[in-house]
Amino acid sequence: MKSSSRVLIGKFIICGSILFFSCIGMILVGITTKLAFISLSWFQSGFFEILWSDIFYAAQLGGVGGLILGLGWVVLYLFKMKGF
């Protein structure tokens with residue numbers, strides 16, 4: 001295997017890892033934020049109601065946000081911007 005193909009495979013692995021971990025991280029942030037707002041409303045009203053559709057929607061928003069963030073980081077990494 002040539003050195004240039006190893007470098008290309010390494011870049012694919014790094015870019016894929018950046019996308020994966022940014023999506024997972026933002027999904028966790030979205031779910032945590034939704035649960036924090038639900039608990040604040042529970043403390044205020046004394047009524048606890050949580051729907052799976054709300055949690056799923058927060059995870060979807062987090063996933064889309066993580067994908068956008070990850071793509072931005074990957075593009076900056078591939079164009080060799082300073083700091084990436």
Side-chain angles (χ1 to χ4, degrees):
M1 188 178 277
K2 292 184 180 178
S3 174
S4 62
S5 63
R6 286 185 183 170
V7 170
L8 187 63
I9 290 171
K11 285 192 182 255
F12 277 129
I13 290 172
I14 290 172
C15 292
S17 299
I18 289 171
L19 280 173
F20 177 73
F21 287 118
S22 66
C23 281
I24 294 297
M26 289 300 285
I27 287 171
L28 291 175
V29 166
I31 291 172
T32 305
T33 305
K34 185 66 177 176
L35 290 176
F37 282 126
I38 288 173
S39 65
L40 285 175
S41 110
W42 177 38
F43 293 145
Q44 182 183 10
S45 68
F47 181 69
F48 186 77
E49 181 181 355
I50 185 168
L51 299 173
W52 283 108
S53 62
D54 291 341
I55 299 297
F56 186 67
Y57 183 69
Q60 282 180 333
L61 286 178
V64 170
L67 184 68
I68 292 170
L69 179 70
L71 284 175
W73 281 350
V74 166
V75 166
L76 291 174
Y77 173 75
L78 291 177
F79 285 136
K80 298 180 181 172
M81 296 298 212
K82 221 175 213 185
F84 288 91

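These numbers come from the heavy atoms of this one structure, side chains and all, not from hydrogens, waters or symmetry mates.
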Quick one: side chains of residues 36-56, donor-acceptor pairs under 3.5 Å with protein atoms, not counting sequence neighbours, listed by atom name and distance.
residue : atom : partner : partner atom : Å
Ser39   : OG   : Leu35   : O            : 3.3
Ser39   : OG   : Ala36   : O            : 2.8
Ser41   : OG   : Ile38   : O            : 3.4
Ser45   : OG   : Ser41   : O            : 2.9
Ser45   : OG   : Phe47   : N            : 3.3

Between side-chain atoms of residues 16-32 and protein atoms elsewhere (two or more places apart, or another chain), which donor-acceptor pairs fall under 3.5 Å?
residue : atom : partner : partner atom : Å
Ser17   : OG   : Ile13   : O            : 2.8
Ser22   : OG   : Ile18   : O            : 3.0
Ser22   : OG   : Leu19   : O            : 3.1
Ser22   : OG   : Gly66   : O            : 3.0
Thr32   : OG1  : Leu28   : O            : 2.7

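Hydrophobic cluster membership for Val64: Ile68 (Ile, Leu, Val, Met, Phe, Trp, Tyr linked by side-chain heavy atoms under 4.5 Å, directly or transitively).
For the atom pair OH (Tyr77) and NZ (Lys11), the distance works out to 4.5 Å, reported to the nearest 0.5 Å.
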